[in-house]
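Note that the coordinates shown come from a computational prediction; the quantities given were computed from them, not determined experimentally. All heavy atoms count here, side chains included; hydrogens, waters and symmetry mates do not.
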Amino acid sequence: MRLTRKRLCSFLIALYCLFSLYAAYHVFFGRRRRAPAASSRGLRKGVAPAREGRGREQSTLGSEEWNPWEGDEKNEQQHRFKTSLQILNKSTKGKTDFHVQIWGKAAIGLYLWEHIFEGLLDPTDVTAQWREGNSVVGRTYYSFITGPAVVPGYFPVDVNNVVLILNGREKAKVFYATQWLLYAQNLVQTQKLQHLAVVLLGNEHCHNEWISQFLKRNGGFVELLFIIYDSPWINDMDIFQWPLGVATYRNFPVVEASWSMLHNERPYLCNFLGTIYENSSRQALINILKQDGNAKLCWVSAREQWQPQETNESLKNYQDALLQSDLTLCPVGVNTECYRIYEACSYGSVPVVEDIMTAGSCGNTSVNHNAPLQLLKSMDAPFIFIKNWNELPAILEKEKTLILQEKIQRRKMLLHWYQHFKTELKMRFTNILESSFLMNNKG
């Protein structure tokens, strides 16, 4: 009996020891065996080894079934999340009780949205059929749509307030713009739209009579008009001046200021790259540069015929000329205001502007001493204004005496002014819309 009990106790002790050894084996050796297996499985299924360093994320992903499109899906999800977060942050920044949709049907719309509003567009591809963006200014939530797919009657209109951006520079553009206005008129008459403002690229001679019938002051439905060039209609009550901006139709980009842009010595005193019209002030400008030998100190590239589009090479040359010149010469064209003025500001190159009225119905120097370029002058643009290119040699001689530090300070002042100019326009634009549309709602 004692022998049997002794054997039973020995058996139990042996069993306990075996169990302990088994448990110890799994605790100390089991994990080591599984880790390489998991790693090799990850490599076999296209998972990068770097994922092992993600801590808790790795353990979660390890329990999921492998997806061959996992990388692309995660990138897309991250992009959507980032975009949604940006929109959420903007839309929740203060109380936004006023929604305005902007329909960009002219290239100047991109200057308004990307340069003045500093808004983003999705997709970023400039050739996309439909592009859109969102932004908040004050208590106004803006949405922006543009592209060839934005066609009257083929997209939903779910807002009460719209800003329509149109091109009325020439006859063919006027016909197209008129179709948009007739479409908007129908929306207002059927109460699908309450308020409409128009931003118009006007005629360079200020012959814009065609849009007069649509203005509310004349019995129409367009409550506000923001017009480019020095139109005599401008009264700062319901008709306001708007800047021409940069040539977005030639893909001129949004330029971010850099240290080198501000501080580097620029090899050229001035630049002029453009079309030379016979018997124009541009021809006189080129002749003056040649006579005084200053053409060698300036980046000058003249062509006889205007080109509506730039090649990648010509655009790069133009941007390089702006970046490497202290001054940018801005002779008048059909109108005094030109894209070159704003493009020079983007690169900190001081515009030398020919300050004379051009032919047509724009402005009136006898009534308004600020004409032409009333908007720029009213905001104290730090430009060099001249009446005749005979003044240029003296300007260039003075330029030669400036030290680098003086030029750096001038560049900083110009870039700061230009940023303030765009910010001020954005706030003015928003205040005008809010005051007009919201007041009419109450009325």
Side-chain angles (χ1 to χ4, degrees), residues 90 93-104 106 108-119 133-144 159-166 195-202 206 208 211 215-217 222-246 248 254 337 339 341-342 345-346 362-363 368 370-383 413-442:
K90 290 178 180 179
K93 188 178 180 181
K95 184 180 179 182
T96 55
D97 52 6
F98 184 51
H99 184 185
V100 175
Q101 189 166 68
I102 303 174
W103 300 348
I108 58 169
L110 294 179
Y111 181 69
L112 179 149
W113 187 253
E114 296 185 313
H115 294 253
I116 293 177
F117 276 71
E118 298 180 308
N134 301 276
S135 184
V136 170
V137 181
R139 57 177 174 166
T140 300
Y141 175 85
Y142 287 100
S143 58
F144 181 90
V159 295
N160 294 323
N161 312 296
V162 165
V163 174
L164 180 56
I165 303 179
L166 299 171
H195 304 293
L196 182 77
V198 170
V199 178
L200 179 68
L201 175 57
C206 293
N208 302 305
I211 200 173
L215 301 182
K216 193 168 185 176
R217 55 159 54 193
V222 176
E223 297 176 33
L224 300 169
L225 176 63
F226 298 85
I227 192 166
I228 293 171
Y229 302 124
D230 291 282
S231 170
W233 294 357
I234 295 167
N235 57 19
D236 289 335
M237 292 186 292
D238 62 335
I239 301 179
F240 305 84
Q241 188 167 10
W242 193 252
L244 178 61
V246 303
T248 53
V254 176
E337 189 174 9
Y339 297 112
I341 294 172
Y342 302 91
C345 290
S346 298
C362 296
N368 190 334
N370 274 340
L373 306 173
Q374 299 174 61
L375 178 63
L376 291 169
K377 291 175 182 176
S378 68
M379 297 185 71
D380 299 319
F383 304 163
M413 182 177 69
L414 175 60
L415 289 168
H416 180 270
W417 174 86
Y418 188 47
Q419 183 59 48
H420 171 75
F421 171 77
K422 292 183 289 184
T423 301
E424 182 68 18
L425 282 175
K426 177 173 64 176
M427 297 311 300
R428 284 187 188 182
F429 184 79
T430 300
N431 291 337
I432 291 167
L433 292 183
E434 290 180 356
S435 298
S436 177
F437 291 177
L438 291 177
M439 182 181 67
N440 289 338
N441 283 344
K442 293 177 182 178

Test item: Ser378 side-chain N/O and Gln374 main-chain N/O as donor-acceptor pair under 3.5 Å: yes
Check this for me: His416, atom NE2, are more than 12 non-hydrogen atoms of other residues, nucleotides or ligands nearer than 6.0 Å? no
Taken to the nearest 0.5 Å, the spacing of Leu200 CG from Ile227 CD1 works out to 5.0 Å
Option passing side-chain contact (heavy atoms from CB on, under 4.5 Å) with Phe429 (candidates Ile116, Val100, Val163): Val163
Tyr342 vs Glu337 side-chain heavy atoms within contact, under 4.5 Å: yes
With a 4.5 Å cut-off on side-chain heavy atoms, are Cys206 and Trp233 touching? no
Report the C-alpha separation of Val137 and Lys426 in whole Å, then their side-chain angles, then the decisive distance to 0.1 Å, and conclude whether the side-chain contact (heavy atoms from CB on, under 4.5 Å) test is met. CA-CA 8 Å; Val137 181; Lys426 177 173 64 176; 3.8 Å; yes
Does some side-chain heavy atom of Leu201 sit less than 4.5 Å from a side-chain heavy atom of Leu166? no
What do the steps show when you test Leu433 against Tyr142 for side-chain contact (heavy atoms from CB on, under 4.5 Å), and what is the final call? CA-CA 11 Å; Leu433 292 183; Tyr142 287 100; 3.7 Å; yes
Can Ile108 and Thr248 be said to form a side-chain contact (heavy atoms from CB on, under 4.5 Å), step by step? CA-CA 7 Å; Ile108 58 169; Thr248 53; 5.9 Å; no
Look up atom CG in Asn161 and atom CG in Leu196, then write down how far apart they are to the nearest 0.5 Å. 9.5 Å
Starting at CE of Met427, measure out to CG of Asn431 and round the result to the nearest 0.5 Å. 5.5 Å
Can you tell me how far NE2 of His195 sits from NZ of Lys216, rounded to the nearest 0.5 angstrom? 7.5 Å
Can you list, pair by pair, the side-chain donor-acceptor contacts under 3.5 Å of residues 234-242, counting residues two or more places apart and other chains?
from   : atom 1 : to     : atom 2 : distance (Å)
Asn235 : OD1    : Met237 : N      : 2.8
Asn235 : OD1    : Asp238 : N      : 3.1
Asn235 : OD1    : Ile239 : N      : 3.0
Asn235 : ND2    : Asp238 : OD1    : 2.8
Asp238 : OD1    : Arg217 : NH2    : 3.0
Asp238 : OD2    : Arg217 : NE     : 3.1
Gln241 : OE1    : Leu375 : N      : 3.3
Gln241 : NE2    : Asp230 : OD1    : 3.3

Atom pair CG (Leu244) and CD1 (Ile341), whose distance is rounded to the nearest 0.5 Å: 8.0 Å
Which heavy atom of Ser346 sits nearest to which heavy atom of Tyr418, and what is that distance? OG-CE2, 3.7 Å
Ignoring hydrogens, what is the shortest heavy-atom contact between Asn208 and Gly202? Give both atom names and the distance. OD1-CA, 3.5 Å
Is it true that the side chains of Gln101 and Trp103 contain a donor and an acceptor less than 3.5 Å apart? yes
Of all the heavy-atom pairs spanning Pro372 and Lys377, show the shortest one and how long it is. O-NZ, 3.1 Å
Is the closest side-chain donor-acceptor distance between Tyr141 and Ser135 under 3.5 Å? no
Is any side-chain heavy atom of Leu164 closer than 4.5 Å to a side-chain heavy atom of Val199? no
Flag side-chain contact, heavy atom, 4.5 Å: Phe421 against Pro243: yes
Is any side-chain heavy atom of Phe226 closer than 4.5 Å to one of Ile165? no
Shortest non-hydrogen contact from Gly363 to Ala371? CA-CB, 4.3 Å
Quick check: closest heavy atoms across Met413 and Pro382, and the distance to 0.1 Å? CE-CB, 4.0 Å
How far apart are the C-alpha atoms of Glu434 and Thr140, what are their side-chain angles, what is the distance that settles it, and do they pass the side-chain contact (heavy atoms from CB on, under 4.5 Å) test? CA-CA 8 Å; Glu434 290 180 356; Thr140 300; 2.5 Å; yes
Locate the shortest heavy-atom distance separating His99 from Ser143; write the atom from each residue and the value. NE2-OG, 3.1 Å
On the 0 to 90° scale, with breaks at 30° and 60°, tag the Phe437-Phe98 ring pair as parallel, tilted or perpendicular. perpendicular
Identified ring-ring contact (aromatic ring centres under 6.0 Å, His included) counterpart of His115 within the set Phe117, Tyr111, Trp113: Tyr111
